[in-house]
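Note that ligands are numbered from 1 as they come in the structure, with each ligand's atoms numbered from 1 the same way.
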Amino acid sequence: MKKMKTICPIFLSDTGSYWQELQALEDSVCDLIEIRLDAFPQEQLLHWSFPLIEKSLAAVSKPVILTIRTKSQGGQVDIDAQTYEKWLRQMLRYDCYLDVELEHARQFEQPLETDKMVISYHDFQTTPNDLDAIWEEMDEYEAAIEKIACMPQTTEDVTRLLISCFDHATSSEKLVIAMGETGRISRIIGGLFDSSYTFCTLSTSSAPGQVPLDQAVKYLDILAQDAGKNEM
Ligand SMILES: O=C1C[C@@](O)(C(=O)O)C[C@@H](O)[C@@H]1O
């Protein structure tokens with residue numbers, strides 16, 4: 001079984017707590033840090049984000065994912081596809097993973113040239129029926145990571161999402177999350193279904209159902225040990 005890497009989001013708009021939290025993430029055992037830029041007020045985002053990103057990257061040694069989560073995908077900024085594309089293009093200058101929402105990428109004028117793309121799909125209400133179609137569309141972007149995060153209504157939705165991940169053959173890494181209480185188990189056992197990463201909380205959560213980092217690491221270690229035994 002694949003041992004999933006942990007990603008902790010930083011989702012704060014107060015700059016004092018932001019720098020404290022960033023340091024805490026750097027000092028923690030998480031593998032990657034996601035900077036949720038949409039936590040900041042939209043009017044300030046473009047002016048603030050470049051100095052903020054530069055200072056943040058200088059402060060941490062862990063790989064970083066830059067994310068602008070738009071309203072229609074469960075985030076906080078309300079921008080059209082053109083503005084979103086313009087902002088993302090400006091972020092290509094950084095040596096970071098870049099979260100690119102499939103919904104908006106469909107409307108980009110030109111493909112984004114980055115080998116660190118996280119192509120992402122989110123549904124905070126339901127789990128779509130045709131998950132295979134979403135995976136197949138994401139394949140076209142040849143991203144580093146393909147990510148689907150959905151809200152399950154039933155346990156069957158959780159297993160459907162996990163199995164769709166397992167069944168989907170791609171050269172990209174995959175990441176699936178069933179959100180909320182019903183889906184929480186997916187954040188621990190995703191590795192069994194070929195999901196490579198899981199989002200955890202250090203002190204601020206960015207989505208329903210995230211597991212505290214220390215607990216997630218404990219579970220992931222236990223599963224990895226058991227997997228090792230089975231292989232002997
Ligand atoms: O896409 C995701 C996954 C997520 O929504 C979660 O459910 O853990 C958390 C977000 O910060 C991240 O961008």
Which protein non-hydrogen atom lies closest to atom 3 (C) of ligand 1, naming both residue and atom, and how far is it?
-> I177 CD1, 3.5 Å

Indicate yes or no: does an N/O atom of T67 lie under 3.5 Å from an N/O atom of ligand 1?
-> no

Compare K147, Q73, R36, M151 and give the one whose heavy atom is closest to atom 1 (O) of ligand 1.
-> K147

Note: D221-K218 ion pair, threshold 4.0 Å (strictly below) = no

Considering heavy atoms of the protein only, find what lies nearest to atom 6 (C) of ligand 1 and give residue, atom and distance to 0.1 Å.
-> A207 CB, 3.3 Å

Side chain to side chain contact (heavy atoms under 4.5 Å, CB included) partner of V176, chosen from S195, S186, C150 = S195

Do the side chains of Y84 and H104 get nearer than 4.5 Å, heavy atoms only?
-> yes

Check whether the side chains of T126 and D123 place a donor and an acceptor atom closer than 3.5 Å, and report yes or no.
-> yes

Within a distance under 4.0 Å of any heavy atom of H122, pick out the atoms of ligand 1 and give their elements.
-> 1 (O)

Using 30° and 60° as the class limits, which term best fits the ring planes of H168 and W135: parallel, tilted or perpendicular?
-> parallel

Which of the numbered atoms in ligand 1 are below 4.0 angstrom from a heavy atom of E34?
-> 10 (C), 11 (O), 12 (C), 13 (O)

Can you sort out which atoms of ligand 1 are near S206, meaning under 4.0 Å from one of its heavy atoms?
-> 9 (C), 10 (C), 11 (O)

Compare R187, Q210, R69 and give the one whose heavy atom is closest to atom 7 (O) of ligand 1.
-> R187

Is it true that K2 and D194 have a side-chain N and a carboxylate O under 4.0 angstrom from each other?
-> yes

